[in-house]
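None of the values given here were measured: they were computed from a predicted structure. Residue numbering restarts at 1 for every chain, and letters A, B, ... go by the order of the sequence lines.
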Protein chains: 2
Amino acid sequence: MIQKECKYWIPGHSIDCVVLGFENNILKVLLLKMRHSEKWSLPGGFIKKKEDLDAAALRALSDRTGLKSIYLSQFHTFGAYERRGKSEVDRLMHEIGQLNKTVAQWLSNRFLTTGYFAFADVQKARPVPDFISEKAEWVAIDELPTLIFDHLEIINKALQHIKLKLNYLPIGDALLPPKFTMAMLQKLYETILGRALDRANFQKKMLKLGIFDRLEKLKTGAANKAPYLYSFHRKKYERVLKEGIGYL
Amino acid sequence: MIQKECKYWIPGHSIDCVVLGFENNILKVLLLKMRHSEKWSLPGGFIKKKEDLDAAALRALSDRTGLKSIYLSQFHTFGAYERRGKSEVDRLMHEIGQLNKTVAQWLSNRFLTTGYFAFADVQKARPVPDFISEKAEWVAIDELPTLIFDHLEIINKALQHIKLKLNYLPIGDALLPPKFTMAMLQKLYETILGRALDRANFQKKMLKLGIFDRLEKLKTGAANKAPYLYSFHRKKYERVLKEGIGYL
DNA sequence: ACAAAAGTGTTATCCTTACACCCATGT
DNA sequence: ACATGGGTGTAAGGATAACACTTTTGT
């Protein structure tokens, strides 16, 4: 069935998704472990002959995560001639060739790839490996394993891009659970920006935006004051996001 | 010769360049007038089978402008299935088919296109039309003629992108002549940002960056005080640009 | 003398930063 | 009582915005 599908795909162009999640105050990325190799790869896919590029990315994403509505945005197209590395392509195609010659042949050609980044709720996502990988997992962004091809470069470019457009991206809404504390939101900003932020000032700056609903307190059982939980006020959130939120 | 070249190009993927220039205080874009049609198009090109995507963009650009060193950056890949419009492709291919069937055939397939934007010195550029266009010209950004396919969308996306990354782009250095006045620089910022800026504050803000060399005064012959000319102090300019210049 | 554009100065306001202080909670 | 983390307050410094004032130039 994969074999037959090759005919329905545009040749020479792939999609790679940098899917980010936030769990236990750690930023994570969804990765696939290759079969017959110690390397990992980004979830990706190909474009059907009559399919929009964006639609293909959405499809790839929903195939790997089971999620349909998700924040997704294109950030860069990678087109260096030898971006996949000659020896690595050879080795990989040898492995795949054992399973399916047609597919291996098709994959061994040159590929441009368009990178998308996405924000997913780690709780809701159900990672599913594709046919050339053996498992799909969330991996902490600062403990990345060895990746195939230029996938590390793709991840780094995605993070750089996100950092730059941070103020216009719905990171809070898309990466946090419906109810969250200011400390969680702050940690999220800190990991993405890569620097510490002042607790008091962060809180005041955020609250002044007027996009939060303050909810009940969260009792953690720890020996300290219980923090408030917050949720985003949809309408206000979207209005403010257009103008840009937070830190530059 | 174009016919033969088709074999050396990657099929289904093109490049389109939004080349900006600044002349007489007006922001301009380089456009090509199609043969046999009232429509205009962006200068573009295709990718050789063993060529980096970025290299292809540079080549396309130097072919159309005669400029080799130029600021060039990718901003988006357009991949909507019918982005070129069925009827428009048909009509165009009919015209081209008269000249060269092979090329027309090749062009009638689906294409993804990667958009690049570039900053060029209008004085130094020598616009050269390609084989399907009859002339190449600088056109004021707010007096655009009818464009083929989705080229208007591509231009708008480029401008939007530039606006967002303004602080990190060498617009002054790349778009102004070696010697320029503060008024010119301000007008440039104003056109890109789409809003007026306070003259006094602009001047102070810019000068405080410490990236300019103040030169002689410019005598215009007008009945008013002569403004100073400035040039960028290379080293300081590059250092400051990394941190971000100007307005957000 | 005058208009027009350039250069510089002044002020109020806002935002950022750094830190201080008190509050709630479980041991 | 006390350690711990959460919420709020304050004061200094810097950036921004609005506008006034002076200077230069050619008619």
Whole angstroms only, please: what is the [atom1]-[atom2] distance between [X] and [N]?
| X | N | atom1 | atom2 | value |
| --- | --- | --- | --- | --- |
| B/Gln186 | C/dA5 | CD | P | 13 Å |
| B/Leu207 | C/dT8 | CG | P | 8 Å |
| B/Leu218 | D/dT25 | CG | P | 11 Å |
| B/Leu185 | C/dG7 | CG | P | 12 Å |
| B/Met206 | C/dA6 | CE | P | 16 Å |
| B/Lys204 | D/dC21 | NZ | P | 15 Å |
| A/Leu229 | D/dG7 | CG | C1' | 15 Å |
| B/Lys217 | D/dT23 | NZ | P | 12 Å |

Please evaluate the base of [N] for a donor-acceptor partner in the side chain of [X] within a cut-off of under 3.5 Å?
| X | N | answer |
| --- | --- | --- |
| B/Lys208 | D/dT16 | no |
| A/Arg199 | D/dG5 | no |
| A/Lys225 | C/dG26 | no |
| B/Asn224 | C/dA3 | no |

Ignoring the backbone of [X], work out which of [options] is nearest its side chain.
| X | options | result |
| --- | --- | --- |
| B/Gln203 | D/dG9, C/dG7, D/dG7 | C/dG7 |
| A/Ala223 | D/dG9, C/dG7, C/dT25 | C/dT25 |
| B/Asn201 | D/dA17, D/dT25, D/dG5 | D/dA17 |
| B/Arg214 | D/dT25, C/dG7, D/dG7 | C/dG7 |

May I ask you to check whether [X] and [Y] place their ring centers less than 6.0 Å from one another?
| X | Y | answer |
| --- | --- | --- |
| B/Phe232 | B/Tyr230 | no |
| A/Phe149 | A/Phe78 | no |
| B/His76 | B/His161 | no |

Exercise for the section: Assess whether side chain to side chain contact (heavy atoms under 4.5 Å, CB included) is satisfied between A/Thr65 and A/Val128, documenting all intermediate values. Expected result: CA-CA 6 Å; A/Thr65 64; A/Val128 180; over 6 Å; no
Practice task
Assign A/Lys219 to base, sugar-phosphate, or nothing according to its heavy-atom contacts below 4.0 angstrom with the strands shown.
Solution key: sugar-phosphate
Practice task
Using a heavy-atom cut-off of under 4.0 Å over every strand shown, decide if A/Ala200 touches base, sugar-phosphate, or nothing.
Solution key: base
Completion exercise
Contacts of A/Asp198 and A/Pro227 projected onto DNA chain D by closest heavy atom; the upstream (5') one is A/Pro227
Practice task
Classify the ring geometry between A/Phe212 and A/Phe180 as parallel (under 30°), tilted (30 to 60°) or perpendicular (over 60°).
Solution key: perpendicular
Practice task
Determine: side-chain N/O of B/Lys205 to OP1/OP2 of D/dT16, distance under 4.0 Å, yes or no.
Solution key: yes
